[in-house]
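Worksheet: one structure, shown below.
Letters A, B, ... mirror the listed sequences (proteins, then strands); counts begin at 1.
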Protein chains: 2
Amino acid sequence: MMLSKKTKYGLKALTYLAKVSDNQPIQIAEIAKHENISQKFLESILLTLRRNGLLGSKKGKGGGYYLIKEPKDILMTTVMRVLEGPIAMVPCVSLNFYEKCDDCPDEGECSVHKLMLQVRDSALEVYRNNTLEDLL
Amino acid sequence: MMLSKKTKYGLKALTYLAKVSDNQPIQIAEIAKHENISQKFLESILLTLRRNGLLGSKKGKGGGYYLIKEPKDILMTTVMRVLEGPIAMVPCVSLNFYEKCDDCPDEGECSVHKLMLQVRDSALEVYRNNTLEDLL
DNA sequence: TGAAAACCCTACTAAATCGATAGGGTAAAA
DNA sequence: TTTTACCCTATCGATTTAGTAGGGTTTTCA
């Protein structure tokens with residue numbers, strides 16, 4: 001139930017980019033140093049963000065990573081799904097990764113299902129109501 | 001970010017006890033069979049619940065586990081904390097297990113902190129608004 | 001044009017956690 | 001006094017996490 005470091009670092013990196021850059025590329029090393037993150041680990045996280053359309057990158061001297069959207073257009077639902085995976089705590093209440101429980105004969109009767117549905121909805125509401133801009 | 005099987009099974013066991021029993025002791029084997037749970041694993045979970053004041057037990061023939069409170073008096077906040085641990089996804093927003101992040105110089109400025117505070121509050125609200133009775 | 005800067009990719013690993021399994025010990029009721 | 005059922009400890013394979021290592025490859029600028 002803990003937030004992974006991957007997500008934590010990813011969020012911090014996005015925040016840093018949103019703060020300092022006017023879409024100038026920022027080098028990995030700079031972000032890593034400023035946010036106290038292992039550079040190599042951060043590298044893999046930024047790569048994930050880029051592959052999922054949240055960041056752009058530029059190679060060569062003067063290169064780096066930059067936001068390709070406005071902070072106000074980057075929803076936390078997207079960020080969390082990309083970095084942390086499904087928002088639901090059990091697959092049987094997941095919107096995007098639904099899976100039936102093999103041990104549970106009737107979802108409608110399942111107390112875990114009932115509770116986790118509410119938890120998912122409340123988390124989703126938080127993520128939907130927060131853009132990167134809101135966190136600056 | 002997944003719910004552990006421990007919590008899932010624990011919740012199911014509590015629900016089962018609330019449904020079938022008028023505070024008669026129910027044997028582990030019966031719960032395990034009915035809810036499709038490994039008996040030995042369930043045993044350790046029930047023990048945890050007993051140690052934390054959520055269940056009572058009776059030894060010997062005719063023994064088993066039973067609820068020691070009314071379902072309407074068993075809050076999900078308690079159940080989740082006992083089985084799953086802290087509700088917060090980062091220690092720096094935990095009410096009961098607060099810890100400062102070593103990499104984060106200023107919590108007030110931290111985007112992760114800001115977001116996770118909201119997530120914790122919304123989860124807490126759900127858990128506070130649900131008793132065992134509500135899940136039956 | 002060539003070398004340095006910076007991204008890109010793969011593979012490995014130590015540590016921790018999870019979900020169980022095994023095997024017995026102990027108390028209580030019939 | 002024997003059976004029943006809870007109680008407790010230890011172990012273990014699989015998976016995940018949080019990196020580390022090391023070497024590409026591409027691009028840009030001098």
Side-chain angles (χ1 to χ4, degrees), chain A residues 1-13 17 21 24-33 35-68 83-86 89-91 101-103 112, chain B residues 1-13 17 21 24-33 35-68 83-86 89-91 101-103 112:
Chain A
M1 280 283 308
M2 284 278 289
L3 192 73
S4 69
K5 300 255 177 181
K6 183 180 170 187
T7 303
K8 188 181 172 189
Y9 293 163
L11 252 175
K12 286 195 165 201
L17 288 175
S21 124
Q24 298 298 317
I26 307 286
Q27 299 154 37
I28 296 176
E30 182 183 332
I31 307 173
K33 193 178 174 190
E35 299 293 333
N36 296 307
I37 306 172
S38 144
Q39 179 166 341
K40 277 290 192 180
F41 191 29
L42 179 61
E43 211 177 311
S44 72
I45 296 167
L46 296 179
L47 205 51
T48 304
L49 290 172
R50 194 200 58 118
R51 286 204 190 103
N52 285 278
L54 286 164
L55 290 179
S57 67
K58 193 187 170 197
K59 292 185 181 177
K61 195 168 189 179
Y65 283 96
Y66 53 90
L67 295 179
I68 51 178
L83 292 173
E84 192 74 13
M89 281 167 58
V90 273
C101 296
D102 39 355
D103 57 314
V112 177
Chain B
M1 280 283 308
M2 284 281 287
L3 191 74
S4 68
K5 299 254 176 181
K6 185 179 170 187
T7 303
K8 188 181 172 188
Y9 294 163
L11 252 175
K12 285 195 165 202
L17 288 174
S21 124
Q24 299 298 317
I26 307 285
Q27 298 155 37
I28 296 175
E30 182 183 333
I31 308 174
K33 194 178 171 191
E35 300 293 333
N36 295 308
I37 307 173
S38 144
Q39 179 166 340
K40 277 290 192 181
F41 191 30
L42 179 60
E43 212 178 310
S44 72
I45 296 166
L46 296 179
L47 206 51
T48 304
L49 291 171
R50 194 202 58 119
R51 286 206 191 101
N52 285 279
L54 286 165
L55 290 180
S57 67
K58 196 186 169 197
K59 290 185 182 177
K61 195 168 189 177
Y65 283 96
Y66 53 90
L67 295 178
I68 51 179
L83 292 172
E84 192 74 14
M89 282 167 58
V90 274
C101 297
D102 41 354
D103 57 315
V112 178

Figure out the [atom1]/[atom2] separation between [X] and [N], and round it to whole Å.
| X | N | atom1 | atom2 | value |
| --- | --- | --- | --- | --- |
| Q27(A) | dC7(C) | CD | P | 7 Å |
| K59(B) | dA28(C) | NZ | P | 6 Å |
| I26(B) | dT4(D) | CD1 | C1' | 16 Å |
| E84(B) | dC18(C) | CD | P | 8 Å |
| K5(B) | dC18(C) | NZ | P | 13 Å |
| K8(B) | dA20(C) | NZ | C1' | 15 Å |
| L42(A) | dA21(D) | CG | P | 17 Å |
| I45(A) | dC7(C) | CD1 | P | 14 Å |

Would one find a side-chain N or O of [X] under 4.0 angstrom from OP1 or OP2 of [N]?
| X | N | result |
| --- | --- | --- |
| R50(B) | dC7(D) | yes |
| Y66(A) | dA6(C) | no |
| S4(B) | dT17(C) | no |
| S44(B) | dC8(D) | no |

Report the distance from atom [atom1] of [X] to atom [atom2] of [Y], rounding to the nearest 0.5 Å.
| X | Y | atom1 | atom2 | result |
| --- | --- | --- | --- | --- |
| K8(B) | L83(B) | NZ | CG | 14.0 Å |
| E35(B) | E30(B) | CD | CD | 10.5 Å |
| L46(A) | L54(A) | CG | CG | 11.0 Å |
| I37(B) | K5(B) | CD1 | NZ | 10.0 Å |

With a non-hydrogen cut-off below 4.0 angstrom, is I28(B) in contact with a base, only sugar-phosphate, or nothing? sugar-phosphate

For K40(B), answer base if it contacts any base atom (sugar-phosphate contacts may also be present), sugar-phosphate if it contacts only those atoms, and nothing otherwise; contact means non-hydrogen atoms under 4.0 Å. base

Of the listed nucleotides [options], the one nearest the side chain of [X]:
| X | options | result |
| --- | --- | --- |
| R51(A) | dC7(D), dA5(D), dC9(C) | dC9(C) |
| F41(A) | dG19(D), dC7(C), dC29(D) | dG19(D) |
| S38(B) | dA5(D), dT20(D), dT21(C) | dT21(C) |

Q39(A) or Y9(B), whichever maps to the more 5' nucleotide of DNA chain C: Q39(A)

Can you name the one residue among K33(A), E43(A), K40(A) that meets side chain to side chain contact (heavy atoms under 4.5 Å, CB included) with I28(A)? E43(A)

